[in-house]
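Remarks on the structure that follows.
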Amino acid sequence: MKYYKVVTYGCQMNEHESEKLCGILENLNLIKTDDDSLADVIVFNTCTIRENAERRAYGNIGALKKLKRDNKEKIIAVGGCLPQQSGKAEDLKEKFPFIDIIFGTHNLSEFESILKKRLDTGKKLIEISRDEYKMPCSVPVKRSTYPSAYVNVMYGCNNFCTYCIVPYVRGRERSRTPEEIVIEVENLIKNGYKEITLLGQNVDSYGKDLSPKVDFSDLLKMVARIEGKFRLRFMSNHPKDVNLKLAQTIRDNDKICNCIHFPVQSGSTEVLALMNRRYTRKEYLDKIKMLRRTVKDIAITTDIMVGFPRESEKNFKDSLTLLNKVKYDGAFTFVYSKRSGTKAYEMDGHIDEEVKKQRIVKLVALQNKINKKLAKKYVGKTVEVLVDEFNEDCGYYMGRDERGKAIHFSSKTDVVGQFLDVKITKADGISIYGEIV
Ligand code: 5AD
Ligand code: SF4
């Protein structure tokens, strides 16, 4: 075996877990490739949050049937949230009998031994732990996001929003100790990383399972005390749990970016109740006020979905008026997707696909209009960016300011990984351009 390929679907959590799978495979001296025919091991790290992510994975796996027929030695592994979901591992096995290994999110830390077992025995394997779960903390990581790095602070979710499959595939909340997290971040900074994103499904629950008790704001302060110039970000928060202490922690620590991802899901109190979000529209808006009052010029982004069961035209309009009122710095917009096993799946009043389509078009158009206006406001400002990458297609470098805005500019030398001051000269639609000063 010489080459491997890992295919990623889904969120930052999933992306970071792929970095761990790459770390495990490189530890076995395998080399990364994008070429399916060259790869001796192909791992699909799947996502099941919405039907289209699942459909994509099924399509990509199915497309390998011929390659596997021509080369029986090729190992095909399917892991992540999809097989972890009840009944899906069996479904995958039936649809794609050529898969060699099926493993769950709970089994990621054991991938090396699972792969070895497959090679030693020649037998197809399904490894899905339902209860036991080893946090994949001591797994080698092959990072692919320099100068930024993800660090898990906790796994799982206890919230049970009625649309969401995550609590069923990732289990209950478990926190890493602050000491372990601080050591990981210290090492990353020593190795030249300039931006750390702390990851958890609901970071506001951080530490509830630890003793002595420590909360997420305490953790942020500990990480922000680490020496060196770097930025600290985190995601995701739950609006019901965000409090003044967190806002003050963001305000009082220079390293913590003035920026928060604050997923609202719907602008309607009625729909929020059906979603089991445990806040009303008013309570949510009050927290926005608190954040903006406490942290000057804080950037606020959100997740919002249309077409949740029983969402009336009036409920949908509440989401539009909320976007108009808050003027988010960015919004991830979704169409509600039915997930079997969740409470919402069983509800009556599912919305017609055509209606969902009309609603998402309106929602996206409105947020686009807001994005364009906000981009224009940037013109004339000078901001410090951390340079992420050079984009070969457009010929510009791309960096982000502390508020998370992407800014494009030219440079004759390679500036990836540097902090630079950039003066914004132009906003073209939602894209922002500037010059190094
Ligand atoms: N359908 C559509 N969007 C969903 N999300 C989670 N579950 C679903 C679903 N069943 C969205 C939420 C969440 C984001 C990560 O994905 O907006 O915040
Ligand atoms: Fe991430 Fe959720 Fe997809 Fe799992 S199901 S990879 S947690 S987005």
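All ligand and atom numbering here is 1-based and tracks the order in the structure.
Annotation for ligand 1: atoms under 4.0 Å from non-hydrogen atoms of Phe334 are 3 (N), 11 (C), 14 (C), 16 (O), 17 (O). Numbered from 1 in the order shown, with element, the atoms of ligand 1 that lie under 4.0 Å from a heavy atom of Arg339 read 10 (N). Close approach to Tyr336 involves these atoms of ligand 1, each under 4.0 Å from a residue heavy atom: 1 (N), 2 (C).
Salt-bridge annotation for Glu195 and Arg233: present, with a side-chain N of the basic residue lying under 4.0 Å from a carboxylate O of the acidic one. Contact check on Glu54 versus Arg339 returns a salt bridge, with a Lys/Arg side-chain nitrogen under 4.0 Å from an Asp/Glu carboxylate oxygen.
Side-chain contact of Thr162 with Asn276: a donor-acceptor pair under 3.5 Å is absent, judged by distance alone. Under the 3.5 Å distance criterion, with hydrogens and angles disregarded, a donor-acceptor pair is assigned to the side chains of Tyr163 and Gln265.
The shortest N or O to N or O distance between Ser337 and ligand 1 is below 3.5 Å. At least one N or O atom of Asp303 sits closer than 3.5 Å to an N or O atom of ligand 1.
Ligand 1 lies within reach of Val335, whose nearest heavy atom is under 4.0 Å from it.
The only member of Tyr284, Tyr328, Phe332 that meets ring pair (Phe, Tyr, Trp, His ring centres under 6.0 Å) when paired with Phe262 is Tyr284.
For Phe103 and Phe111, the ring centers are positioned less than 6.0 Å apart.
Residue Tyr163 touches ligand 1 through backbone and side chain together, judged by heavy-atom distances below 4.0 Å.
Residue nearest to atom 17 (O) of ligand 1, selected from His261, Gln265, Met305: Gln265 (by heavy-atom distance).
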